[in-house]
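Written out below as structure tokens is the structure these notes cover.
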There are 2 protein chains.
Amino acid sequence: MPASSIRARVRAEMIDEIKAVARRHLATDGANLSLRAVARDMGMVSSAIYRYFPSRDELLTALILEAYQALGDAVAAAVAGPDRLDLRGRWHAACRAARDWALAHPAEYALLYGSPVPGYAAPDETVEPAQRPPLTLVGILRDGLAAGRIDPPAEVLPEPVRADLGELVAAFFPGLPEALLARGMAGWTQLFGLISFDLFGRLNRAVPHRDAYFEHQIGLMADLMGLPA
Amino acid sequence: MPASSIRARVRAEMIDEIKAVARRHLATDGANLSLRAVARDMGMVSSAIYRYFPSRDELLTALILEAYQALGDAVAAAVAGPDRLDLRGRWHAACRAARDWALAHPAEYALLYGSPVPGYAAPDETVEPAQRPPLTLVGILRDGLAAGRIDPPAEVLPEPVRADLGELVAAFFPGLPEALLARGMAGWTQLFGLISFDLFGRLNRAVPHRDAYFEHQIGLMADLMGLPA
DNA sequence: TCCCGTCAAGAGCACTGCTCTCGCTTTTGT
DNA sequence: ACAAAAGCGAGAGCAGTGCTCTTGACGGGA
């Protein structure tokens with residue numbers, strides 16, 4: 001008796017192939033990719049797809065999970081590249097990795113960070129992978145603070161904000177000043193905004209040299225977060 | 001002979017009603033609203049809609065244009081409220097107006113700033129209205145600089161960035177230092193990111209008090225842009 | 001060997017955007 | 001005032017969609 005029966009093996013390969021074909025369709029059709037078209041591309045009848053994914057939304061969820069995984073891995077790998085205390089280098093590397101991944105997989109990025117798909121509600125299993133990129137970014141600040149290379153911001157946060165961020169600090173970065181977390185989240189927000197504007201064509205006419213623009217704007221946020229030059 | 005014939009009057013009313021019904025459907029169906037459903041809601045047959053909008057995309061374009069107009073008006077009105085030299089007040093008012101409009105019209109905001117609709121290419125007529133909000137925001141910086149209340153940033157921009165932003169400066173804000181424009185665009189990017197994260201549910205679990213969070217993060221960007229307290 | 005579970009296939013339902021034709025009414029030109 | 005032209009709603013129809021259900025064939029565990 002094989003550890004995985006022939007059936008199970010074939011089934012796993014089928015699922016992988018469906019996801020691969022669906023990813024291709026995602027690039028042209030966005031979130032309303034067609035199961036029938038995927039089935040056609042695979043030489044099967046549409047109803048057969050439902051043996052592997054009980055609905056179109058489940059297929060979407062699988063693609064979303066894989067995309068989060070890929071983006072999270074890319075950012076994590078980038079952040080681990082430079083010396084641990086080269087804060088600015090790590091910040092830039094992480095941001096660049098996120099943007100590069102997005103430019104290489106625009107449809108998947110849009111699926112993750114674009115408008116929510118009308119009838120679709122992201123299941124809970126997506127929340128943890130979705131948190132990885134911002135957590136990785138803020139991790140740079142944690143490291144810098146621990147090494148004494150970042151001075152925590154002087155400002156005191158107004159109350160409801162401090163309490164909310166305090167919960168996040170307690171859960172993910174014990175000891176991190178809330179004001180520093182706030183600046184880290186600003187950096188993450190800016191990164192998302194820069195990538196989205198770029199990808200969704202908002203800079204098309206205005207800024208021809210988008211790589212350089214991105215690097216500079218990312219550097220501005222590094223200043224705001226207090227990363228030493 | 002009436003200045004506008006009965007037919008023309010009825011036609012204009014029809015177009016308005018179609019847009020109104022479509023806006024309602026937008027809220028539930030997002031960008032894939034259905035012409036047939038709109039027609040059903042109006043008690044007509046689907047083919048009749050095509051007398052008024054030659055395609056679904058044209059209807060979308062009309063909705064997009066009106067949405068840009070509404071958002072642009074809201075931001076412009078907010079910016080004109082406070083004293084002209086109350087830079088921080090104007091910045092906060094403008095950002096708040098944009099967010100309020102987005103929260104009141106989430107589907108329309110998603111149409112403007114969410115993932116691009118798959119088969120749809122925004123016609124040229126949308127580019128000017130799309131520029132209004134950021135131009136209004138940077139206008140605050142122009143006013144502050146002219147009044148001597150903002151010190152232009154000390155940094156020198158790396159070359160391709162300076163040249164690109166120089167074109168924008170020449171076109172829209174003659175005399176404005178490119179570095180200041182860069183910071184204004186960072187503010188606009190951050191505003192878009194904050195609203196999107198809020199609207200697309202990315203803060204749901206993490207930040208319960210989103211109004212206060214928004215105000216604080218917007219204030220951070222005011223600091224970055226050099227707005228005096 | 002037998003039988004149960006899995007599979008692909010096909011038909012079918014309700015829906016979509018869009019086109020075309022058919023009559024009817026309003027507007028326009030003479 | 002009358003006819004031609006243009007605008008209009010209704011309906012049928014085409015190709016496509018997600019999804020369900022039934023049918024028949026095949027493989028693997030007992």
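The structure displayed is predicted, hence computed values, not measured ones. Labels below follow one simple rule: chain letters A, B, ... track the order of the sequence lines, proteins then strands, and each chain is numbered from 1. What you see below is based on every heavy atom in this structure, not just the backbone, and it leaves out hydrogens, waters and symmetry mates.
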**Study point:** Contact residues, residues 44-58 of chain A to DNA chain C [heavy atom, < 4.0 Å]
**Key:** A:Met44, A:Val45, A:Ser47, A:Ala48, A:Arg51, A:Tyr52
Exercise for review: Check each residue of residues 12-33 of chain A for a non-hydrogen atom within less than 4.0 Å of any atom in DNA chain C, then write out the ones that pass by number, or none.
Suggested key: A:Met14
**Study point:** CG on B:Leu199 to CZ on B:Phe192, rounded to 0.5 Å
**Key:** 10.5 Å
Study note, to complete from the structure: Residues at least two apart in sequence or cross-chain that pass side-chain contact (heavy atoms from CB on, under 4.5 Å) with A:Ala93, listed by chain then number, are A:Ala78, A:Pro82
Study note, to complete from the structure: Residue set satisfying side-chain contact (heavy atoms from CB on, under 4.5 Å) with B:Val45, at least two apart, ordered chain then number -> B:Ser47
Review point. Can a donor-acceptor pair under 3.5 Å be found between the side-chain atoms of B:Arg7 and the base atoms of C:dT26?
Key: yes
[N] [atom2] sits how many Å from [X] [atom1], rounded?
X: A:Arg40; N: C:dA8; atom1: CZ; atom2: P; value: 17 Å
X: A:Arg36; N: D:dG18; atom1: CZ; atom2: P; value: 7 Å
X: B:Leu35; N: D:dG16; atom1: CG; atom2: C1'; value: 15 Å

side-chain hydrogen bond (donor to acceptor under 3.5 Å, both in side chains) with [X]: which residues, sequence neighbours excluded?
X: B:Glu178; result: B:Arg162
X: B:Ser115; result: A:Ser115
X: B:Glu128; result: none

**Study point:** side-chain hydrogen bond (donor to acceptor under 3.5 Å, both in side chains): pairs with one or both residues in residues 192-218 of chain A, sequence neighbours excluded
**Key:** A:Arg96-A:Glu215, A:Arg99-A:Asp198, A:Arg99-A:Asp211, A:Tyr109-A:Ser196, A:Asp198-A:Arg210, A:Arg202-B:Tyr68, A:His209-B:Asp164, A:Tyr213-A:Gln217
Pairs of donor and acceptor atoms involving the side chains of residues 19-35 of chain B, under 3.5 Å and at least two apart or interchain, shall be tabulated with distances.
unit_1  : atom_1 : unit_2  : atom_2 : d
B:Lys19 : NZ     : B:Glu66 : OE2    : 2.7
B:Arg23 : NH1    : B:Glu66 : OE1    : 2.5
B:His25 : ND1    : B:Val21 : O      : 3.1
B:Thr28 : OG1    : B:His25 : O      : 3.2
B:Ser34 : OG     : B:Arg36 : N      : 3.2
B:Ser34 : OG     : B:Ala37 : N      : 2.8

